[in-house]
Protein chains: 2
Amino acid sequence: MAARPAKREPVTRPVRARTPRAAQDELNVSIRKQSVSDVIARSLEEDIVLGRRYPRERLVEQDLCERFKTHRGDVRLALFELEKKGIIQRIPNRGAIVRDLTPKEVREIYAVREELEVMAIRILPFPVAKSDLDQLAELQREHSAAIDVGDLLTVFYSNLHFHQMLFGLCSNTCLIEAIELLAQKTYGIRSYANAFPEALDQARRDHIEMIEALRASRRDDLIALARRHLKPSQEAYIRAYERRFGDTNLAIRILAK
Amino acid sequence: MAARPAKREPVTRPVRARTPRAAQDELNVSIRKQSVSDVIARSLEEDIVLGRRYPRERLVEQDLCERFKTHRGDVRLALFELEKKGIIQRIPNRGAIVRDLTPKEVREIYAVREELEVMAIRILPFPVAKSDLDQLAELQREHSAAIDVGDLLTVFYSNLHFHQMLFGLCSNTCLIEAIELLAQKTYGIRSYANAFPEALDQARRDHIEMIEALRASRRDDLIALARRHLKPSQEAYIRAYERRFGDTNLAIRILAK
DNA sequence: CCAATCTGGATTGTTTACAATATAGTTTGA
DNA sequence: TCAAACTATATTGTAAACAATCCAGATTGG
């Protein structure tokens with residue numbers, strides 16, 4: 001008779017010791033294998049942030065399957081993720097559309113983000129290590145060069161990395177994640193700011209000043225810079241929104257058809 | 001010959017007017033039909049917060065299917081949601097376990113939450129309408145009564161509703177959601193605080209003082225109360241954690257087996 | 001007696017097929 | 001002529017079957 005097979009878990013034990021492999025995984029948190037749906041989600045984010053997809057544009061599952069050469073399961077999961085992040089909106093039985101933020105929502109998101117970025121700078125330990133400053137400067141050069149040649153994709157990513165590195169200097173992981181999540185919520189409106197070359201230029205100058213403030217351990221200056229740095233993109237969006245609709249009432253009339 | 005059928009979308013238009021029904025859905029944001037996976041996720045959250053499921057306990061998809069009388073698709077989605085919220089942890093090919101937070105993570109989460117709650121109180125418009133104060137008082141009575149009879153489920157929900165109502169008074173939706181998300185991250189450790197009856201008593205007194213501060217429009221007092229209110233549960237968890245493991249190194253040794 | 005290997009089955013991950021829903025264009029009736 | 005009902009299909013939602021992975025205990029070799 002065949003040997004009595006293993007039962008992986010007696011199903012009753014409430015608390016149970018972790019197996020060796022699981023413990024290893026938990027301790028080495030860095031080994032984050034990214035799933036297919038994550039890749040799809042990121043790619044769609046990129047499309048949205050670069051203005052290749054517009055607010056209220058439909059995202060049809062079948063189309064995405066063909067584009068990413070996969071089945072609908074992964075695509076659906078990616079759409080659920082993006083919905084939770086607030087980048088797209090899903091309507092039951094009707095599908096997903098790129099989310100269109102109102103000026104009020106944009107202002108609220110930026111207010112919270114400002115609060116958290118200021119907090120990050122407040123708890124950030126000074127002085128900052130030279131190696132960190134060098135890395136930041138390198139990312140800044142990358143950003144600057146991308147602006148010069150008009151490579152918006154690289155502008156986006158080097159800017160993202162610059163900010164991740166900057167706020168990553170504060171040691172509160174939860175705070176870092178919260179800041180990033182809020183930044184993602186406004187991906188859909190970024191392309192409006194990119195349309196103004198002078199805004200990109202201002203961002204570049206801000207980054208340089210930020211590095212200087214970090215080097216000199218001038219916390220208050222850095223806070224003021226961070227606050228100022230957040231202003232242009234939200235203002236660009238609100239201006240564009242009002243140009244589109246004139247005023248909020250008109251917007252509602254149009255959207256309701 | 002059959003009539004030429006409709007093609008729902010020409011597939012090419014980048015920006016497209018919304019259909020009447022879709023617009024209606026967007027404007028009436030209150031009609032949030034909750035999906036099956038949301039129900040499952042909430043129920044699991046409840047189990048965790050009430051200590052019915054312990055940190056590192058496994059969550060097997062098939063078991064959950066039977067419990068919620070559904071197929072694995074919904075259960076899987078719920079688990080993905082909970083993972084994103086940070087309430088559970090998923091290990092590829094091995095399944096999901098209730099997440100076990102380290103004291104460091106708990107401190108970080110509470111630090112961010114405190115920052116946001118203080119912000120909410122700072123922007124909250126005074127004076128508060130009498131009807132709102134009455135509602136808060138009603139929720140507080142419910143909470144107090146639940147403590148008296150030891151009904152922890154009602155304690156949890158009435159406490160939740162009290163805080164939702166309180167922070168809901170600030171008009172920044174994004175901020176309200178962020179506060180709630182952070183509160184959810186610590187669901188797994190709530191049962192530790194509930195184990196100390198004096199902590200529940202303190203919470204009850206805090207709520208009463210908060211309502212008084214609101215009624216008198218004493219913003220600074222309210223901020224101090226909110227800060228104080230967050231302390232006990234994180235301290236209870238950290239104490240319990242250290243009782244379990246003595247110190248962090250021991251914890252790591254045990255977890256790694 | 002210990003360690004390396006093997007193996008059965010428990011569990012998660014993927015794919016496909018099928019059902020439900022909503023909409024654009026057509027038809028029908030006043 | 002216009003609006004209400006109808007129909008065909010695009011699209012999403014659900015379910016179940018199949019494949020890949022992983023571990024507990026058994027087996028094997030030293």
Side-chain angles (χ1 to χ4, degrees), chain A residues 1-13 16-26 31 33-40 57-80 82-83 88-97 257, chain B residues 1-13 16-26 31 33-40 57-80 82-83 88-97 257:
Chain A
M1 184 172 287
R4 189 65 188 293
K7 213 156 106 195
R8 192 161 170 182
E9 168 110 33
V11 110
T12 51
R13 290 284 309 290
R16 155 179 188 275
R18 193 187 291 90
T19 58
R21 173 59 183 281
Q24 206 177 32
D25 283 350
E26 175 163 330
I31 308 178
K33 181 208 154 203
Q34 59 183 359
S35 63
V36 180
S37 63
D38 287 333
V39 175
I40 296 173
E57 176 173 347
R58 288 188 60 191
L59 299 171
V60 175
E61 295 180 1
Q62 189 56 48
D63 297 349
L64 298 174
C65 290
E66 282 157 23
R67 172 168 163 204
F68 293 106
K69 310 267 184 280
T70 184
H71 54 96
R72 275 176 55 216
D74 288 334
V75 170
R76 268 166 91 65
L77 213 50
L79 293 178
F80 279 107
L82 291 176
E83 183 192 27
I88 68 168
Q89 177 180 19
R90 273 171 31 84
I91 302 165
N93 287 314
R94 300 219 334 110
I97 58 176
K257 188 163 337 181
Chain B
M1 183 172 289
R4 188 65 187 292
K7 220 176 64 204
R8 192 161 168 184
E9 167 108 34
V11 110
T12 50
R13 293 282 310 289
R16 155 178 189 275
R18 192 187 292 90
T19 58
R21 173 60 182 280
Q24 207 177 30
D25 285 349
E26 175 163 332
I31 309 180
K33 181 209 152 200
Q34 56 184 0
S35 62
V36 180
S37 63
D38 287 333
V39 174
I40 297 174
E57 175 174 349
R58 288 188 60 191
L59 300 170
V60 175
E61 294 179 0
Q62 189 55 48
D63 298 349
L64 298 175
C65 291
E66 285 158 21
R67 172 167 162 204
F68 293 106
K69 308 268 181 281
T70 183
H71 54 95
R72 275 177 54 216
D74 288 334
V75 170
R76 261 168 154 276
L77 213 51
L79 293 178
F80 279 108
L82 290 177
E83 182 191 28
I88 68 169
Q89 177 180 18
R90 273 173 29 86
I91 302 166
N93 288 313
R94 299 222 332 108
I97 57 176
K257 187 156 349 172

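Below, read A as the first sequence line, B as the second, and so on, with proteins coming before strands; counting in each chain starts at 1.
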Between [options], which one does the side chain of [X] approach most closely?
X	options	answer
B:R58	D:dT11, C:dA22, C:dT12	C:dT12
B:V60	C:dT23, C:dT12, D:dT12	C:dT12
A:D74	C:dG13, D:dC22, C:dT14	C:dT14
B:N93	D:dT14, D:dC22, C:dT21	D:dC22

Atom-pair distance ([atom1] on [X]; [atom2] on [N]), nearest Å:
X	N	atom1	atom2	result
A:D63	D:dT11	CG	C1'	10 Å
B:R76	D:dT14	CZ	C1'	15 Å
B:I40	D:dT14	CD1	C1'	13 Å
A:L59	D:dA10	CG	C1'	16 Å
B:R72	C:dT11	CZ	P	11 Å
B:L64	C:dA10	CG	C1'	15 Å
A:F80	D:dG13	CZ	P	6 Å

Please identify each residue that fulfils side chain to side chain donor-acceptor pair (under 3.5 Å) with B:R72, with sequence neighbours left out.
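For B:R72, the residues satisfying side chain to side chain donor-acceptor pair (under 3.5 Å) (neighbours in sequence not counted) are B:E61.
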Does B:L77 reach a base, just sugar-phosphate, or nothing at all? Heavy atoms under 4.0 Å.
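Nothing, no heavy atom under 4.0 Å.
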Contact class for A:L79 (heavy atom, under 4.0 Å): base, sugar-phosphate, or nothing?
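No contact.
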